[in-house]
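A short write-up of the structure that comes next.
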Amino acid sequence: MDIRVQKTFEALFALEDIREMLRQSLPGTGLADTEGFNGQIQHIRSVLDDLEAGTGVPKIEKIGGTLGIRSREEEYVNIQPIQAAGRLTPEARKALIAYGDGYSTCDSCRKPFRLDKISKPPIADFHQELAAFLNMDAARVVPGARRGFQAVASSLVKPEDPVIVSSLAHYTEFLAVEAAGGVVREVPLNEKNIVTADATADKIEAVIAETGKTPALIMIDHFDYQLANEHDVAGIGKVAKQYDIPFLYNGAYTVGVMPVDGKKIGADFIVGSGHKSMASPAPSGVLATTDEWAETIFRTTQMKGDLTNRKFGVKEVEMLGCTLMGCTLMAMIASFPTVKERTLNWDEELRKSNLLIDRMLEIEGSAVVSEYPRKHALSKVDTTGSFDVVAKAHKRRGFFFSDELSKRGIVGEFAGATRAWKLSTYGLSWEKVNYLADSLQEIAEKYELKVNRDNL
Ligand SMILES: Cc1ncc(COP(=O)(O)O)c(C=O)c1O
């Protein structure tokens with residue numbers, strides 16, 4: 001179904017739901033049956049009827065505007081670097097409405113009273129599917145990848161313990177280590193801005209020589225947030241085994257967009273971000289582990305009340321009992337079939353990413369800062385020698401570029417950024433990627449920058 005039609009159906013269902021809720025909560029007030037309300041529902045219905053009959057063109061923009069629906073994906077080419085793979089599926093949007101109440105997932109919570117054990121809706125099954133999806137033994141949902149780092153660091157890192165991270169590690173890894181009292185030790189990048197297995201082993205040796213302590217944990221991002229370069233996680237997994245150091249694989253930029261096999265990588269922990277890469281609302285994420293570590297990370301409380309003797313033995317300490325409740329989790333579950341499916345199309349996403357970068361490199365003075373050819377849909381480019389030259393002489397300065405892009409229906413770049421900036425092609429159709437590439441070259445030529453189309 002056309003995405004605009006799908007969204008319109010959703011809007012209709014939402015309005016009908018709201019009307020029903022108002023009828024139930026405020027019966028007899030007529031609030032739910034005003035002329036405007038019913039008229040709007042009627043109007044949307046007729047538009048959809050026309051569409052079905054093949055006779056009408058829907059004025060979706062108008063309907064979307066009335067309901068406040070964000071329509072950036074349908075009407076624009078959105079190159080926002082970090083939102084692309086987190087955008088919700090229509091199924092997730094429906095789940096948000098249906099499960100909006102905070103504890104709505106808990107209606108059928110029965111013994112042993114824990115989120116990951118609930119069978120209706122099928123939350124327990126989802127946890128198993130998540131673990132299988134990552135080829136790990138156990139999984140929990142967490143409020144963001146950062147809470148996954150925190151759970152692991154808090155379980156394994158003691159005060160003053162060194163923890164190995166990448167020189168491109170995300171700041172939330174630093175904070176997780178700091179909260180546990182540990183100290184980060186960064187692995188340097190090689191000349192291609194990659195973290196290698198050898199450099200990791202050297203850093204471990206250096207830390208042992210300096211502190212007399214074996215690091216308590218290694219945390220490495222498969223693709224980092226600055227350049228989206230791919231780091232040698234499988235090699236680092238082997239090094240971690242050799243030194244007997246637990247290894248946390250940060251899949252914030254991979255879990256949900258490309259296949260991730262925890263056992264193959266040799267990861268003891270896999271952390272993913274729902275709102276970054278799993279078409280889920282914030283804050284959501286996943287923490288998966290092996291049987292070897294599950295009891296440590298998902299340990300249950302031993303605490304007993306001194307006056308009441310109360311115990312809550314089934315609750316997991318690091319999860320604070322239960323984690324994602326209500327619509328956040330249900331939307332994650334609703335998107336999961338699509339998410340699983342789309343990881344199989346990663347090669348195609350890479351072809352689109354490379355097509356765009358190739359065409360951008362045809363603009364004289366443009367460069368790619370990320371490794372190239374691209375292995376990710378997110379890239380950092382440097383247009384200091386092209387669009388920024390124009391910006392310097394333009395009365396709108398750096399904003400000329402955003403003006404030109406938005407005139408062409410392209411959004412999501414950081415307004416005013418004409419030097420080094422990030423963009424993502426994730427989820428864009430071929431048509432949109434080609435249009436984007438054409439537009440960039442068109443803007444370049446408009447301002448007399450040379451475009452070498454030799455590769456075409
Ligand atoms: C590489 C990387 N790791 C972790 C995170 C944190 O993810 P979350 O927002 O799910 O906690 C981010 C978020 O920007 C990231 O880019």
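Indexing begins at 1, ligand by ligand and atom by atom, following the structure's order. One is the number of the first residue; the rest follow in order along the sequence.
Contact atoms of ligand 1 toward Ala145: 7 (O), 8 (P), 10 (O), 11 (O) (distance under 4.0 Å to a heavy atom of the residue). Near Lys276, meaning under 4.0 Å from any of its heavy atoms, are these atoms of ligand 1: 12 (C), 13 (C), 14 (O), 15 (C), 16 (O). Less than 4.0 angstrom separates some heavy atom of Arg146 from each of these atoms of ligand 1: 6 (C), 8 (P), 9 (O), 11 (O). The distance from ligand 1 to the heavy atoms of Asp221 drops below 4.0 Å at these ligand atoms: 1 (C). Atoms of ligand 1 lying under 4.0 Å from at least one heavy atom of Asn250, given by number and element, are 1 (C), 2 (C), 3 (N), 4 (C). Taking every non-hydrogen atom of Gly144 and a distance limit under 4.0 Å, the qualifying atoms of ligand 1 come out as 10 (O), 11 (O).
Within the 6.0 Å centre-distance limit, the rings of Phe400 and Tyr447 are counted as a close aromatic pair. Aromatic rings of Tyr253 and Tyr225 (six-membered ring for Trp) have centroids beyond the 6.0 Å cut-off, not under it.
A salt bridge links Lys392 with Asp388: at least one charged nitrogen is closer than 4.0 Å to a carboxylate oxygen. Checked for salt-bridge contact, Glu316 and Arg140 meet the test: a charged N lies under 4.0 Å from a carboxylate O. With respect to Asp403 and Arg408, no salt bridge is recorded, no charged nitrogen being found less than 4.0 Å from a carboxylate O.
Side-chain atoms of Tyr426 and Ser277 form no donor-acceptor pair, as typed in the model, at a separation below 3.5 Å. Side-chain atoms of Thr89 and Ser335 form a donor-acceptor pair, as typed in the model, at a separation below 3.5 Å.
Of all protein heavy atoms, the one closest to atom 15 (C) of ligand 1 is His170 CD2, 3.3 Å.
When heavy-atom distances to ligand 1 are checked against a 4.0 Å cut-off, Ala252 comes that close only through its side chain, counted from C-beta outward.
Taking only nitrogen or oxygen atoms, main chain and side chain alike, Ser273 reaches within less than 3.5 Å of ligand 1. In terms of polar-atom proximity, defined here as any N/O pair under 3.5 Å, His275 does make such a contact with ligand 1.
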